[in-house]
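What follows is a short report on a single structure.
Given the structure is predicted, the values throughout are model-derived calculations rather than measurements. Below, read A as the first sequence line, B as the second, and so on, with proteins coming before strands; counting in each chain starts at 1. Note: hydrogens, waters and symmetry copies are ignored here, and every other heavy atom, side chains too, is used.
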Amino acid sequence: MAAVLEDLPAVPDRMARARALHWGLAGLLVLACIASLETGATGVSLSGVATRLVQGVELTRTERVVLYDIRLPRLAMGLLVGAALAVSGAVMQGLFRNPLADPGLVGVGAGAGLGAILAIVLGAALPGWLLGLTGNQLTPFAAFLGGWASTLLLYRVSTRQGRTSVATMLLAGIALGALAGAVSGILVYVADDRQLRDLTFWGLGSLAGASWIKVLAAGPLILLALGAAFALGRGLNGLALGEATAAHIGIDVQRMKSVAILAVAAATGAAVAVSGGIGFIGIVVPHLLRLASGPDHRTLLPNAALLGATLLILADVIARVAIAPAELPIGIVTAILGAPVFLWILLKRRGLVAP
Amino acid sequence: MSLVAEEIRVAYGRREAVRGVGLVALAGHVTAIVGPNGSGKSTFLGALTGSLPFRGTVILNGRDIATLKPWQQAAERAVLPQATHLAFPFTVIEVVRLGLQSGIAGARSDVPMRALARVGLAHHAGRSFQDLSGGEAQRVMLARVLAQVWEPVAEGRPRWLLLDEPVSSLDIAHQVQVMEIARSFARAGGGVVAVMHDLNLTALHADRILVLCEGRRLAFGAPSEVLTSDILSRAYGCNLGVSVPPPPGVPYVLPHAASL
């Protein structure tokens, strides 16, 4: 038998390629972070500040505020949100066994959107003590609650006798999305001009509202969810063979599905709450990585976190410099860059474009 | 050591597809399950593998499978499904590696490659699984299953291959190859339970045959006892001759098993 094996052509080791990619992406992420700290509406630059720090010269008050209170929290939020969206996308695609699945499918998007709209349009009507409780963070808080509530509802609807049907969850998600859309429509109809403007900008997504408070609120949740997601690699690989076969090779499928859904709800819910609607990261990032180093989730998930964070931070840099001193909503940037890539994926799947 | 099923009942909604079927399969044997379409063969196997909810008991190597965790069952038996739709573009060797239990063999093990060589597909290791023909995909799945229970006997207990129509999409040469792999697994001390359609192939390779009809057990025993004109005609509801020479001038093809 050994002699037979020695004559075989070498098989490309995609696992090794994925690990090499890991370091490449980490390097890229560092560069993106530097670019993010360097650019902005004011003249403050990282290189200038670094030189002054090395020379032992005090930073000016402006420099401190720009760096510590504006750019650093914005960078941290970009890291968290980008990683959360990309990893959530990869997990959803593994769970639904479909490379075009998206966290929006499990109702997080629709629920979070409805929560945000409720907060923006009806927030002023809330009793004062409730408003005081959330400070000026009512919209992200409501978005998070909405995302969670809808996910848990869908999960309950699609689970019978301890077994969750992902197909039912998908269909129920579509129904819930339509319902949320209708309620949102009513609210948009009664909203005044200022509220409409807020709604539009929330829907387009932005990291502009970044603050350390938001980072501290969303950060632990996202990190916890990412940690749980990274442990799902082998299970999601098995699930690619179908649920029955995954169980046959020793995977506790139901437990894995529960962990996956809760992790995605937590990560996406927190990300959408602090940054609004940012699309395409969750679909484009995992797809590019599958092309580069194969679909093995054990490497795909960590690499998705790195690439997702990198792309979102770079998109944020573009959003800040494209029409400076004004800012583009980042959702516009990711959509302009992501939608053509998404179309290209669809065409390639139909075999119209050579790989 | 054995695989024992008692009074198995499986219902789809109100319709009971398997109505109180029992089976004793011994290690060292190839046990075949045959019967007409809709007789409950695959459903019965689904109960043995624990993938369908059922009433009754399945005892695998002396332990009730209801008390075993998925990974404990996976260490003792591997299951070949009828067909597999793979969701992502894994390569052939990556698919075979999915069968490995992380505990018993690491990614560097040569077991997956040897399993692929066993089904004659080692030179396709780097191809995308999704580009394979139906028959090749079926053999790659068999290699994955073999990689999962590579040693027919481990820790003094036989391991089991549960195969759902393992030769359904294969040409005649590969049908013989797959059945001989099953035979040699049993000869080495493992247990094999296979749902079969081809009665002649079953006659050549099975030690025991369970005949199902309308969800009930019609017969169980050695091929010579079970594959009779009477039993088969009753099971399939049409006239079937056994060991009757074909009419003059009608060619008749029967593979010769190397192990006979």
Which one, B/R77, B/K69, B/M141, leads in non-hydrogen pairs under 4.5 Å with chain A?
B/R77
Hey, mind stepping through B/E165 and B/M196 against side-chain contact (heavy atoms from CB on, under 4.5 Å) and telling me if it holds?
CA-CA 5 Å; B/E165 298 194 19; B/M196 297 290 295; over 6 Å; no
With a cut-off of 3.5 Å and sequence neighbours excluded, list every side-chain donor-acceptor pair involving residues 222-232 of chain A.
none

Go through the steps to decide whether B/T84 and B/R144 satisfy the test side chain to side chain donor-acceptor pair (under 3.5 Å), and finish with yes or no.
CA-CA 12 Å; B/T84 303; B/R144 174 183 67 70; 5.4 Å; no
For B/T91, is it the side chain, the backbone, both, or neither that has a heavy atom closer than 4.5 Å to a heavy atom of chain A?
both
Measure distances from A/Q93 to the heavy atoms of chain B and classify the residue's part below 4.5 Å as side chain, backbone, both or neither.
both
Could you walk me through whether A/L236 and A/L301 satisfy the side-chain contact (heavy atoms from CB on, under 4.5 Å) test, starting with their C-alpha distance in whole Å, then the side-chain angles of each, then the deciding distance to 0.1 Å, before giving a yes or no?
CA-CA 10 Å; A/L236 290 174; A/L301 294 170; 4.3 Å; yes
Quick check for you: among B/L52, B/V95, B/V79, B/L116, which has the greatest number of heavy-atom pairs under 4.5 Å with chain A?
B/V79
What part of A/I251 is in contact with chain B, defined as an atom under 4.5 angstrom from a non-hydrogen atom: side chain, backbone, both or neither?
backbone
Heavy-atom contact with chain A under 4.5 Å, split by part of B/I93:
side chain
Angle between ring planes, B/F90 versus A/H297, binned at 30° and 60°: parallel, tilted or perpendicular?
tilted
For B/P89, is it the side chain, the backbone, both or neither that has a heavy atom under 4.5 Å from a heavy atom of chain A?
both
Could you check whether atom CZ of B/R55 has more than 12 heavy atoms from other residues, nucleotides or ligands sitting under 6.0 Å from it?
no
Chain A contacts, top residue of B/L86, B/L162, B/V92 (heavy-atom pairs, under 4.5 Å)
B/L86
Side chain / backbone / both / neither for B/A78 at chain A, heavy atoms under 4.5 Å:
neither
Can you say whether B/Q73 sits under 4.5 Å from chain A via the side chain, the backbone, both, or neither, judging by heavy atoms?
neither
Looking at side-chain heavy atoms only, is the closest gap between B/L98 and B/E94 below 4.5 Å?
no
